[in-house]
Each structure stands twice: as C-alpha cells, then as structure tokens.
Engineer: 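Have a look at the structure that comes next, please.
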Protein chains: 2
Amino acid sequence: MKKITIGEAARRSGVKVPTIRYYESIGLLAEPERSEGNQRSYEPSHLHRLAFIRHARELGFEVEAIRTLLALQDDPNQSCASADAIAKARLIEVEQRIRSLTALRTELEVMVEGCGHGRVDRCRVIEVLADHGQCMHPHH
Amino acid sequence: MKKITIGEAARRSGVKVPTIRYYESIGLLAEPERSEGNQRSYEPSHLHRLAFIRHARELGFEVEAIRTLLALQDDPNQSCASADAIAKARLIEVEQRIRSLTALRTELEVMVEGCGHGRVDRCRVIEVLADHGQCMHPHH
DNA sequence: CTACATCCTCTAGCGACTAGAGGTGCAAGA
DNA sequence: TCTTGCACCTCTAGTCGCTAGAGGATGTAG
C-alpha cells in the first residue's frame, strides 16, 4: 500500500534521514519492514511516531522522557500521572532556564553598552569577565 | 611562595579539578610548574585566569570565544572591537534563546494545565505531543 | 544501459566536560 | 618509622543527541 522510503519519511516528518536511523538504533522508533533490496519501508504509524518524537524534542524533552511518553501513549488505560510529572518537570526546567538567561542578558547588556570601542585595556567586556565583582547580579 | 595545589585552586576558583586539567589539555590554561613529585603547582595568575574562564563559561561563551577573549586580555593595546563583537553575538544568542524558551513555556503550561489527571487516553500532554496542530504557537 | 540520486552499514567526531581504573605523593597520627 | 588515607597523577572511555564521511548497493529516469 503506502510504503514510504526513509527519504520521504524525512521530508514528511521534518526529521533528517540519519536522525531517523539513529532513533531506530536507540529503540525509539520501531524497525520498519525492508524492501527486497534491504531498504527501509515505512508506514503511516511510523510517521505519527516521528511527529510525536519531533514535537517532544522541540519542546526539549530528553530521549529517555520521550521513551516513557511513547510507552504511555501505547497504553491508554494507564494513569497519566507520569506524563503529567514529566511535563511539569520540563516546565520547571524551562522556567529556571529563562530566569537564568534573563540574568545573563542583563549582564551582557551592561558589558556591551559599557564598551567604549577603544582599546582592550579599557574594555568593559574584558573587565567584567576578569572581575566578577562588577556583575550586576549575584546569580552565579 | 604561594604555590597552590590543584585541589586548592579548584576550591578557590570554583572550577572542578578534572575541569582544570581539561582546560590545560586544550591549551586554555597555561601549564603550571610541577613539584618534585610531579604535582601541579599554581600561582595567583592561574587563579585569575581560571576566574575569567569560569565567569565567561557561566555567561555561556564557548571555549573558542574564551580563547580569543583571553588573547585580547593579554594584548591591551589591541582594539576591543573583537571582544565587543563576541559579546554582542552572545547577547543576540541569549535573546533568541529566551524568546524560544518563552514560547515553549507557554506551550508546556497549556499541556500541564489541561491535564485532567485521568487516564492516558484523555491526557492533554500526550494529545498535544501527538498532534502538533494543537500548539498555541507556530514557533516550530 | 547508463547516469545519478538515494539508500545501506559502519565508524568517528562534535562540545565541554565527567567517570573510572590503576598507580604515586604527601602529611599527620600512632 | 610506619601506616593510614586523602589528594594527586595519567590515560581511556563515556555522556547526549545527533552529524559527517567512507565505501558500497539499490532504484529510477532517460
């Protein structure tokens, strides 16, 4: 029926060909059937799987978390507490990362704005890096 | 005089012992003298260097960027345009990353809030992952 | 039939460390 | 003086999630 080559699967899912093979190698994507000439032959179910994986990766979930989420998806009777916990943990990570990057941004802005574009011995960028005491934020 | 072991250097700089050795191995930190028993013996200049490197790493600069920044610091007559450019590039990266993470946060919030804590077949987390069309943002 | 794109497997590389094995140095207490 | 035990040494390999490349087989269009 609608058997699909790995290249076509890559085009449709937005996941690159070597990455698809990589996902198979780590057991994230089921091994597809092969053609007579040993070429992978995907079915729609594989495309759904790939879309799920891709989306989860874009949201920053680690491969192990995705493995768990996929297993949950396959067993619809299970409680979704695990999925919920994984998503919440990721949310907390993201929030923390945003806070941290926001502090960094402020510090970088100070460095860049303070730069008089002269010589290095008066460069605010180098100064701030050399002397942590000049930081605006005690975030690290 | 004030010769310092690698352990003490680690404690004072906040950089771990294996990381200090790693920085030496990639030429970021100058090789210190050795004791009779072949142990590394650091001087204050090494500690300043380590502080600089650590601070730059915390700001997310890559090792190659730090290598350039350190070279600039060693030659105070040079124009600071390079340092300025490196810092600006990093600032733009950070801003971009914050925007991206903020979009992710929103999407994760929707997932987590929509979760009815029931069974997987009605789990918003799994649903959103499986169907990208349910995303709030077309960021990816 | 011949190009030529696409596919296959396998190994190695990326960045910035981190972990562990197997051995040596050194300072302090008994 | 000896021994305990921590800190140090080098070297290799592993982490994560891919990505690149070699060297060869397959599939398709003209």
Side-chain angles (χ1 to χ4, degrees), chain A residues 2-29 31-43 46 49-50 52-70 86 89-90 93 97 100 104 140, chain B residues 3-29 31-42 46 49-50 52-70 86 89-90 93 97 100 104 140:
Chain A
K2 348 185 205 165
K3 296 291 194 168
I4 283 169
T5 66
I6 195 169
E8 187 59 25
R11 239 163 284 124
R12 293 203 202 169
S13 67
V15 179
K16 291 181 195 157
V17 168
T19 305
I20 294 177
R21 285 197 278 250
Y22 168 70
Y23 287 157
E24 183 185 320
S25 80
I26 61 170
L28 210 56
L29 187 67
E31 293 182 24
E33 296 192 359
R34 299 288 184 124
S35 74
E36 287 201 5
N38 196 35
Q39 302 204 346
R40 288 172 180 81
S41 176
Y42 292 97
E43 296 177 46
H46 290 105
R49 215 67 162 168
L50 273 177
F52 188 106
I53 295 169
R54 185 190 168 200
H55 196 186
R57 284 296 301 135
E58 281 169 345
L59 286 167
F61 289 100
E62 292 176 3
V63 163
E64 283 316 302
I66 298 174
R67 207 186 288 281
T68 305
L69 290 168
L70 284 169
I86 290 171
R90 177 66 191 142
E93 271 174 35
R97 192 92 187 100
S100 160
L104 290 193
H140 49 255
Chain B
K3 296 291 195 168
I4 283 168
T5 66
I6 196 170
E8 187 60 23
R11 238 163 285 125
R12 293 203 204 170
S13 68
V15 179
K16 289 181 198 158
V17 168
T19 306
I20 294 177
R21 284 197 280 249
Y22 168 70
Y23 287 156
E24 182 185 319
S25 79
I26 61 170
L28 210 56
L29 187 66
E31 294 183 23
E33 297 193 357
R34 299 289 184 122
S35 74
E36 287 201 5
N38 196 35
Q39 302 204 346
R40 287 170 180 82
S41 177
Y42 292 97
H46 289 104
R49 215 68 162 169
L50 273 177
F52 188 107
I53 294 169
R54 186 192 168 197
H55 196 187
R57 284 296 300 135
E58 281 168 344
L59 287 166
F61 289 101
E62 292 175 3
V63 162
E64 284 316 302
I66 297 174
R67 208 186 287 282
T68 305
L69 290 169
L70 284 170
I86 290 171
R90 177 67 191 141
E93 271 174 33
R97 193 89 188 100
S100 160
L104 291 194
H140 49 256

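Lettering follows sequence order; numbering is per chain, from 1. All heavy atoms count here, side chains included; hydrogens, waters and symmetry mates do not.
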Engineer: Distance check needed: dC17(C) C1' versus Leu50(B) CG, whole Å only.
Structural biologist: 15 Å
Engineer: With a 4.0 Å limit, can you tell me whether Arg21(B) has a side-chain N or O closer than that to the phosphate oxygens OP1/OP2 of dC9(D)?
Structural biologist: yes
Engineer: Can you measure Gln39(A) atom CD to dA5(C) atom P for me and round it to whole angstrom units?
Structural biologist: 16 Å
Engineer: Starting from C1' on dG21(D), measure out to OH on Tyr22(A) and report it in whole angstrom.
Structural biologist: 18 Å
Engineer: Verify the contact: side-chain N or O of Tyr23(A) to OP1 or OP2 of dC18(D), cut-off strictly under 4.0 Å; return yes or no.
Structural biologist: yes
Engineer: Would you mind classifying the nucleic acid contact of Ile6(B) as base, sugar-phosphate or nothing, using non-hydrogen atoms under 4.0 angstrom?
Structural biologist: sugar-phosphate
Engineer: Which of these passes side-chain contact (heavy atoms from CB on, under 4.5 Å) with Arg40(B): Glu33(B), Arg21(B), Glu31(B), His46(B)?
Structural biologist: Arg21(B)
Engineer: Using only side-chain N and O atoms of Thr19(A), determine if any of them is under 4.0 Å from OP1 or OP2 of dC18(D).
Structural biologist: no
Engineer: In whole angstrom, give the distance that lies between atom CD1 of Ile20(B) and atom C1' of dT18(C).
Structural biologist: 14 Å
Engineer: Could you tell me whether Glu93(B) and Arg97(B) have a side-chain N and a carboxylate O separated by less than 4.0 Å?
Structural biologist: no
Engineer: Taking CD from Glu31(A) and P from dT9(C), how many angstroms apart are they, rounded to a whole number?
Structural biologist: 10 Å
Engineer: Counting any heavy atom closer than 4.0 Å, what does Glu36(B) reach on the DNA or RNA strands: base, sugar-phosphate only, or nothing?
Structural biologist: nothing
Engineer: Looking only at heavy atoms, what is the nearest atom pair of Val17(B) and Gly7(B), with distance?
Structural biologist: CG2-CA, 4.0 Å
Engineer: Under 4.0 Å between a side-chain N/O of Ser35(B) and OP1 or OP2 of dG25(C), yes or no?
Structural biologist: no
Engineer: Mind calculating the distance between CD (Glu24(B)) and P (dC17(C)) to the nearest angstrom?
Structural biologist: 15 Å
Engineer: May I have the distance from Ile26(B) (atom CD1) to dG15(C) (atom C1'), rounded to whole angstrom?
Structural biologist: 9 Å
Engineer: Map Asn38(A) and Phe61(B) onto DNA chain C by nearest heavy atom, then report which one ends up closer to the 5' terminus.
Structural biologist: Asn38(A)
Engineer: Are Arg40(B) and dT10(D) close enough that a side-chain N or O sits under 4.0 Å from OP1 or OP2?
Structural biologist: yes
Engineer: When you check the phosphate oxygens OP1 and OP2 of dG25(C), does a side-chain N or O of Arg34(B) lie under 4.0 Å from one of them?
Structural biologist: no
Engineer: If you assign each of Arg57(B) and Gly7(A) to its closest nucleotide in DNA chain C, which residue comes earlier from the 5' end?
Structural biologist: Gly7(A)
Engineer: For Glu62(A), enumerate each residue passing the side-chain hydrogen bond (donor to acceptor under 3.5 Å, both in side chains) test, keeping only those at least two apart in sequence or located in another chain.
Structural biologist: none
Engineer: To the nearest Å, give me how far apart CD1 (Ile66(B)) and P (dG15(C)) are.
Structural biologist: 13 Å
Engineer: Kindly say if Lys16(A) contacts the phosphate of dT19(D), meaning a side-chain N or O under 4.0 Å from OP1 or OP2.
Structural biologist: yes
Engineer: Determine, stepwise, if the pair Glu8(A) / Arg12(A) fulfils salt bridge (Lys or Arg N to Asp or Glu O under 4.0 Å).
Structural biologist: CA-CA 6 Å; Glu8(A) 187 59 25; Arg12(A) 293 203 202 169; 3.0 Å; yes
